[in-house]
Amino acid sequence: MQIPVTAMLLAFGSALLVTPLVRKWAFRCGALDRPDQRKMHDRVMPRLGGLAVYISFVAAVLLTREITLQVLGLLAGGSLILLLGVIDDIRGVSPRLKLAGQIAAACAVVPFGLKVEFLTNPFSEELIALGLLSVPVTVMWIVSVTNAVNLVDGLDGLAGGTTCIAALTLAAVVWIEAAATGGSQGQWDSVALAIILAAAVLGFLRYNFYPARIFLGDSGSMYLGFSVAVLAVMGLAKSATFISVIIPVVILGIPILDTAFAIVRRYCGNKPIFQPDKEHLHHRLIEMGLSHPQAVLCLYGVNVILGLSAIAMTLVSPKQAIFLLVILSTAVLT
């Protein structure tokens with residue numbers, strides 16, 4: 001497979017050109033994020049950045065890629081989640097309605113062949129067919145990652161950079177898997193689309209890194225989380241190894257763990273699960289004395305380490321990969 005250079009340049013260039021236009025439109029339609037005690041910014045900010053990433057990514061895909069059934073599923077589901085996010089950015093959506101919309105978007109990709117059909121036993125590599133559980137597991141995975149990226153979007157450039165690193169890592173991992181096994185159409189599509197998505201995000205980060213001129217908003221954070229989750233299913237769900245199942249979790253380790261801790265923290269504190277707070281990892285880094293960009297770059301560094309670890313797991317034996325996973329898990333949790 002050749003690297004989709006033309007599509008990358010198109011996605012990156014489109015993001016550079018479209019984002020200022022979306023920023024102006026966000027002010028006109030009232031898609032604004034106003035400061036309060038919980039938020040890190042101190043001025044009114046436009047928050048419709050996800051629309052710019054979406055336009056750039058979709059335009060590059062439609063103009064340069066063959067639209068297979070699975071690619072069509074990604075675009076259809078992504079359009080639904082973006083629409084939900086745009087409505088939330090402009091008018092606001094209740095947490096329950098937002099969750100219902102996320103579930104609907106996740107369900108929408110299943111008829112296009114995008115689902116996890118089996119898991120594997122880490123000790124015997126025996127396949128465990130999910131059967132009727134296939135759809136619930138797929139939907140739970142997509143919704144979980146969508147919310148994980150959504151919740152980590154608390155500092156300028158954090159969610160975008162995290163997704164960019166995750167997408168590039170996913171592309172590398174799937175590329176290695178596909179090269180070793182001959183590769184299916186879905187795997188090669190996953191590699192190309194992940195690279196194109198990363199290029200679109202990089203173009204957007206020109207305006208989103210500190211000091212940001214526009215926020216991703218829910219339209220962006222949910223769209224990026226959704227896209228990475230679906231690309232992981234497309235690229236790794238049919239790989240018959242335990243490590244292939246674990247790899248997406250490692251790649252997105254920081255947002256997934258941060259979300260899990262937030263749920264436990266709010267549950268133990270008798271607070272609503274969806275109630276926002278200032279106790280996420282990036283907030284704690286700021287409290288430790290790091291500046292805004294330093295905290296973001298620190299988390300970028302951790303994401304890169306997790307990404308390189310995920311790549312390393314695909315290059316070693318299953319037993320060595322499990323040993324590496326144990327070491328990595330211990331280091332992260334401590």
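Scope of the values below: all heavy atoms of this structure, side chains included, with no hydrogens, waters or symmetry mates. Positions are given from 1, in the same order as the sequence printed here.
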| message | Quick one, Leu48 and Trp25 - any side-chain contact, counting heavy atoms below 4.5 Å? | response | yes

| message | Any donor-acceptor pair under 3.5 Å linking the side-chain atoms of Asp189 with those of Gln70? | response | no

| field | Matching residue for Leu74 among Thr68, Leu231, Val109 - test: side-chain contact (heavy atoms from CB on, under 4.5 Å) | value | Leu231

| request: Please determine if Asp218 and Arg47 form a salt bridge, counting it only when a charged side-chain N lies under 4.0 Å from a carboxylate O. | output: no

| Asp156 side chain to Asn208 main-chain N or O, any donor-acceptor pair under 3.5 Å? | no

| Do any pairs count as a salt bridge (charged side-chain N to carboxylate O under 4.0 Å, His left out) and have a residue in residues 3-31, sequence neighbours left out, and if so which ones? | none

| For Phe226, which of Asn150, Val143, Leu80, Ile81 qualifies under side-chain contact (heavy atoms from CB on, under 4.5 Å)? | Ile81

| query | Is there side-chain contact between Phe209 and Leu297, with at least one heavy-atom pair below 4.5 Å? | reply | yes

| message | Ignoring hydrogens and geometry beyond distance, is a side-chain donor-acceptor pair present between Ser219 and Tyr54 at under 3.5 Å? | response | no

| Pairwise side-chain contact, Cys164 with Leu202, heavy-atom cut-off 4.5 Å (strictly under) | yes

| Pairwise side-chain contact, Leu216 with Phe204, heavy-atom cut-off 4.5 Å (strictly under) | yes

| said: Are Leu84 and Gln102 packed together at the side-chain level, in the sense that at least one heavy-atom pair is separated by less than 4.5 angstrom? | reply: yes

| request: Please answer whether the main-chain N or O of Val191 pairs with a side-chain N or O of Trp175 as donor and acceptor at a distance below 3.5 Å. | output: no

| Any donor and acceptor pair, going by atom type alone, linking the side chain of Ser79 with main-chain N or O of Leu75 inside 3.5 Å? | yes

| remark: Smallest heavy-atom separation, Val116 atom then Ser134 atom, equals O-OG, 2.6 Å

| query | Are Leu158 and Asp153 side-chain neighbours, meaning at least one heavy-atom pair lies under 4.5 Å? | reply | no

| Note, Leu32 side chain near Asp89 side chain (heavy atom, < 4.5 Å) | no

| task | Provide the closest heavy-atom pair for Cys298 versus Leu290 in the form atom of the first, atom of the second, distance. | result | CB-CD2, 4.2 Å

| request: Taking the side chain as every heavy atom from C-beta outward, state whether Leu315 and Ile311 have any pair of such atoms under 4.5 Å apart. | output: yes

